[in-house]
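Just so we're clear, the structure is a prediction, and the values are computed from it rather than from any experiment.
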Amino acid sequence: MDAAPPVRTFEVLAWPSDRRIVLYVPEIEAATTVLTMTGAEDAARSLIADLTGLAPEEIGCRIGAGRPRP
């Protein structure tokens with residue numbers, strides 16, 4: 001039986017902006033936008049996968065409301 005790949009969890013900050021929702025991943029200093037929170041986790045996972053090379057199934061997201069702090 002194959003073991004499931006380890007999941008690496010990333011914190012994601014979300015806030016409304018111009019009729020969209022900004023999703024920001026502080027660990028990789030990257031952001032994307034979505035129209036609704038329904039697709040937020042998939043969008044964040046896709047962004048992280050594109051920029052880190054991790055497989056989407058290896059990525060977990062913890063989405064919380066807020067903006068990055070200076």
Side-chain angles (χ1 to χ4, degrees):
M1 183 160 100
D2 291 335
V7 174
R8 183 165 167 200
T9 302
F10 290 80
E11 297 294 327
V12 179
L13 298 175
W15 67 87
S17 178
D18 297 326
R19 298 185 184 171
R20 292 184 174 267
I21 300 167
V22 176
L23 303 173
Y24 176 69
V25 185
E27 187 172 339
I28 60 172
E29 297 182 353
T32 189
T33 60
V34 291
L35 292 175
T36 67
M37 285 302 289
T38 307
E41 189 168 344
D42 288 340
R45 186 177 288 113
S46 177
L47 173 69
I48 295 164
D50 287 348
L51 296 177
T52 65
L54 293 170
E57 60 272 8
E58 297 174 354
I59 299 168
C61 297
R62 192 172 312 140
I63 301 175
R67 292 179 181 251
R69 296 181 185 196

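- To the nearest 0.5 Å, atoms OH (Tyr24) and OG1 (Thr33) are separated by 15.5 Å.
- By the criterion of side-chain heavy atoms lying less than 4.5 angstrom apart, applied directly or through intervening Ile, Leu, Val, Met, Phe, Trp or Tyr residues, Leu13 is not grouped with Val25; the two fall into different hydrophobic clusters.
- Between atom CG of residue Leu23 and atom SG of residue Cys61 there is a gap of 9.0 Å, rounded to the nearest 0.5 Å.
- Taken to the nearest 0.5 Å, the CZ atom of Arg20 stands 8.5 Å off from the OG1 atom of Thr32.
- Here the side chains of Ser46 and Asp42 are not in contact, with every heavy-atom distance at 4.5 Å or above.
- Neither Met37 nor Trp15 shares a network with the other; the hydrophobic side chains, linked directly or stepwise wherever heavy atoms of I, L, V, M, F, W or Y lie under 4.5 Å apart, form separate groups for each.
- Interatomic distance, CG of Leu47 versus OG1 of Thr52, reported as 9.0 Å (0.5 Å rounding).
- There is no path of hydrophobic side-chain contacts, each under 4.5 Å, that joins Val7 to Ile48.
- The two residues Ala14 and Ile21 make their nearest non-hydrogen contact at CB-CG2, 4.1 Å.
- Transitive grouping of hydrophobic side chains (ILVMFWY, heavy atoms separated by less than 4.5 Å) brings Ile63 and Ile28 into a common cluster.
- Pairs engaging residues 57-70 under the side-chain hydrogen bond (donor to acceptor under 3.5 Å, both in side chains) rule: Glu11-Arg62 [sequence neighbours left out].
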